[in-house]
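Everything below concerns the one structure shown next.
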2 protein chains.
Amino acid sequence: MARSAQPQDKAARRRMAPPMQFGGDLVLWAAWLYYEEGLKQDEIALRLGISRASVFNLLQKARDEGVVTITIDPSRIARADLAMKLHELWGLAECYVLPNEGGDTPLHDRIGRLGARIVEQKIGDEDIIGVAWGRTVLSLSKALSPMQHPGVTVAQLTGSSMATHDFSPEFCTSNIASRLNARCVNLHAPGVLSNAAMKDLLMREPMIEQHFALLRRCTMTLFGVTHLDGPTLLQNSGFMQPSFIEEYRAAGAVGFASGYFFDIEGRIVTTDFDSRHVVMPLEDFRRVPSRICIGGGASKFEAIRGMLRARIATILITDQTTAEALV
Amino acid sequence: MARSAQPQDKAARRRMAPPMQFGGDLVLWAAWLYYEEGLKQDEIALRLGISRASVFNLLQKARDEGVVTITIDPSRIARADLAMKLHELWGLAECYVLPNEGGDTPLHDRIGRLGARIVEQKIGDEDIIGVAWGRTVLSLSKALSPMQHPGVTVAQLTGSSMATHDFSPEFCTSNIASRLNARCVNLHAPGVLSNAAMKDLLMREPMIEQHFALLRRCTMTLFGVTHLDGPTLLQNSGFMQPSFIEEYRAAGAVGFASGYFFDIEGRIVTTDFDSRHVVMPLEDFRRVPSRICIGGGASKFEAIRGMLRARIATILITDQTTAEALV
DNA sequence: ACATGTCTCTGCCATTTGTCAATGACATTT
DNA sequence: AAATGTCATTGACAAATGGCAGAGACATGT
């Protein structure tokens with residue numbers, strides 16, 4: 001029956017009316033029949049008068065365009081017991097742990113994907129999201145699926161650096177904003193100035209003041225962590241000269257997140273450099289209700305622990321290895 | 001390579017650590033690797049140390065339990081051009097049209113499924129949903145996927161009938177409430193009383209008064225439509241005797257929705273019967289912001305048109321044939 | 001009018017997924 | 001202790017899907 005149907009296909013197709021149904025929106029049509037009504041691609045092809053391969057292509061398009069979305073309940077991930085332990089142990093509001101055994105994509109991409117799912121789910125219609133930068137944040141931004149959030153604002157948390165890499169702060173924010181169809185507000189200022197006086201001057205600029213006023217209204221922030229051993233992004237990106245990092249390390253700092261340095265006990269570490277560093281004041285930052293830190297990998301363990309002790313994040317997204325080390 | 005791997009599987013499995021990762025939540029684990037990381041079932045089986053068939057079963061469980069959900073963007077359905085035409089022509093807030101060419105399940109189940117997707121997407125955390133009854137509403141309730149909406153209230157819109165069928169008003173409401181994990185408030189009163197005096201008396205009962213007060217706070221209602229020709233559910237269900245329906249028909253009524261009769265022009269039709277009929281006053285009903293009518297099939301066309309003219313619904317969910325007839 | 005480039009669609013084959021009867025572990029009853 | 005029932009797991013097989021190279025449609029430039 002299925003066999004003998006093959007030769008009829010073409011004839012049957014010709015007999016059919018041109019595909020004008022469902023507003024001619026074949027992508028939608030195919031997606032509905034496949035995912036909701038559970039028809040086989042064959043059947044859909046027959047009914048729509050196209051080849052099965054085309055149906056396959058339509059379905060792929062539907063997934064790409066976000067007409068159909070496949071979601072994994074993030075609350076279930078938060079309920080997984082490693083996550084629960086971290087949540088209790090570190091006083092986190094929420095915690096998400098990426099399983100170790102995964103594909104062979106780089107870890108930051110995998111964590112980024114997990115982060116994307118969580119951000120998608122948490123985002124509210126009128127949120128103001130402060131976004132820092134980093135490899136994992138960028139991965140997250142790329143993994144976000146297209147959404148309609150015209151009321152959301154994505155704001156740059158830190159000043160910019162010379163973009164020697166493909167992930168500048170601006171790129172992270174604009175990437176996220178475009179996925180969400182949200183407003184993007186960049187901070188048009190260097191992240192590091194040549195002297196303290198210049199910083200003070202700049203901070204009084206109306207445009208900059210306005211931006212920091214906006215940041216104070218953030219409902220959510222999103223940032224990575226970095227450790228300070230060896231060549232990290234901080235220096236590679238040209239954001240900060242090695243000598244300054246050395247200074248912080250000398251003062252005991254083990255990590256950097258969202259603009260702040262901290263030591264192994266979670267104490268904030270400051271040096272002269274802070275007076276030239278354009279960043280949201282820590283008190284303001286700590287007032288943001290949801291502060292999402294995303295990062296993992298064995299090398300970051302100390303930094304993440306320090307960051308947790310410093311209570312910089314309220315929500316942590318990390319990988320299994322790091323999570324296990326943290327309990 | 002794939003061939004020769006087969007015999008190794010069992011040995012490989014034995015070598016593996018017991019599956020303790022991801023909180024031992026294999027369902028979640030498999031779902032993540034499959035849907036997010038895009039691994040093949042084979043690979044997952046290998047990494048988890050179970051057979052591929054088990055992976056398949058886990059994935060199925062994940063879908064059944066709602067750990068993963070597959071959604072079709074309902075706004076896209078509303079944007080399909082038939083829906084747009086109805087929206088403009090009838091002043092509906094929203095309109096959704098089910099494609100004709102679908103599986104071979106009964107139409108009301110198919111429309112119910114579409115309705116379920118839309119309700120799932122529209123539902124807010126504190127909604128109060130008034131639910132009438134009918135075959136399609138019941139189908140909808142069965143097609144809802146499990147969700148967490150503890151703040152939502154599902155309230156019975158009309159009084160009860162002798163449940164000669166499997167779809168009583170109570171069954172519709174409790175079904176919906178249990179899917180949503182919402183509060184279920186039933187109306188413990190007959191839908192039709194023997195005389196007007198009895199109705200008046202009953203309406204003054206505190207419990208009943210309370211219920212109607214709750215209904216006035218509804219943010220959303222959900223109901224079907226029925227035509228009045230031939231044996232409809234109204235009589236089959238024992239809700240209403242044929243003679244009364246005859247009376248309404250004699251007065252020009254062509255349909256019945258959510259407790260009200262109306263004629264072909266959309267005028268509300270009343271008879272003596274109304275004075276014995278326990279139902280939300282129409283003025284109150286019309287004040288509910290979202291009034292979702294779900295129903296289709298050629299036989300209901302006239303009834304649906306009358307219902308639309310009577311402005312009973314603000315949102316219509318129907319099938320393509322009916323939609324085409326309505327433009 | 002013809003050539004050229006760009007896209008989409010097609011038909012086929014390798015791979016992946018879904019189904020099912022049989023197996024074995026474990027709990028309950030006799 | 002043996003018999004029986006229940007249920008998750010498995011391997012083998014059938015069906016469905018994904019990928020791809022080439023055909024065909026369509027538009028644009030020569």
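Quick note on labels: first sequence line is chain A, next is B, and so on, each numbered from 1.
Remark: A:Ser139 pairs with A:His108, A:Asp109 by the side chain to side chain contact (heavy atoms under 4.5 Å, CB included) rule, at least two apart or across chains. Among residues two or more places apart in sequence or in another chain, the salt bridge (Lys or Arg N to Asp or Glu O under 4.0 Å) test is passed with A:Arg117 by A:Glu120, B:Glu36. Taking A:Thr321 as the reference, A:Asn100, A:Asp319 meet the side chain to side chain contact (heavy atoms under 4.5 Å, CB included) condition, with sequence neighbours excluded. Residues satisfying the salt bridge (Lys or Arg N to Asp or Glu O under 4.0 Å) criterion with B:Lys122, sequence neighbours excluded, are B:Glu94. For B:Ser54, the side chain to side chain contact (heavy atoms under 4.5 Å, CB included) test picks out B:Ile50, B:Ser51, with sequence neighbours left out. Scanning for salt bridge (Lys or Arg N to Asp or Glu O under 4.0 Å) contacts around B:Glu65 gives A:Arg76, with sequence neighbours left out. With sequence neighbours left out, the salt bridge (Lys or Arg N to Asp or Glu O under 4.0 Å) criterion links B:Asp42 to B:Arg52.
At whole-Å resolution of the value, CG in B:Leu46 and P in D:dG11 are 13 Å apart. A:Lys40 has its NZ atom 19 Å from the P atom of C:dT16, to the nearest Å. In this entry the distance linking CG of B:Leu48 with C1' of D:dT10 reads 16 Å, nearest Å. Following rounding to the nearest Å, B:Leu58 (CG) and D:dA8 (C1') show an atom-to-atom distance of 10 Å. The distance between atom CZ of B:Arg52 and atom P of C:dG18, rounded to the nearest whole Å, is 8 Å. One atom, CD of B:Gln41, and another, P of C:dT17, lie 5 Å apart when rounded to the nearest Å. The nearest whole Å value for the distance from the CD1 atom in A:Ile50 to the P atom in C:dC9 is 7 Å. Spacing between atom CD of B:Gln60 and atom C1' of C:dC20 amounts to 13 Å, rounded to whole angstrom units.
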N/O to N/O distances under 3.5 Å, protein versus nucleotides 20-26 of chain D:
none

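Here OG1 of B:Thr318 is found 14.0 Å from OH of B:Tyr96. Values are rounded to the nearest 0.5 Å.
Within residues 61-73 of chain A, no residue places a heavy atom under 4.0 Å from DNA chain D.
Using a 4.0 Å cut-off, some side-chain N or O of A:Ser54 falls inside it from OP1 or OP2 of C:dT10.
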Exercise for review: In sequence, state the C-alpha distance, the side-chain angles, and the governing distance for B:Glu324 and B:Leu82, and then conclude on side chain to side chain contact (heavy atoms under 4.5 Å, CB included).
Suggested key: CA-CA 7 Å; B:Glu324 280 163 350; B:Leu82 247 180; 3.8 Å; yes

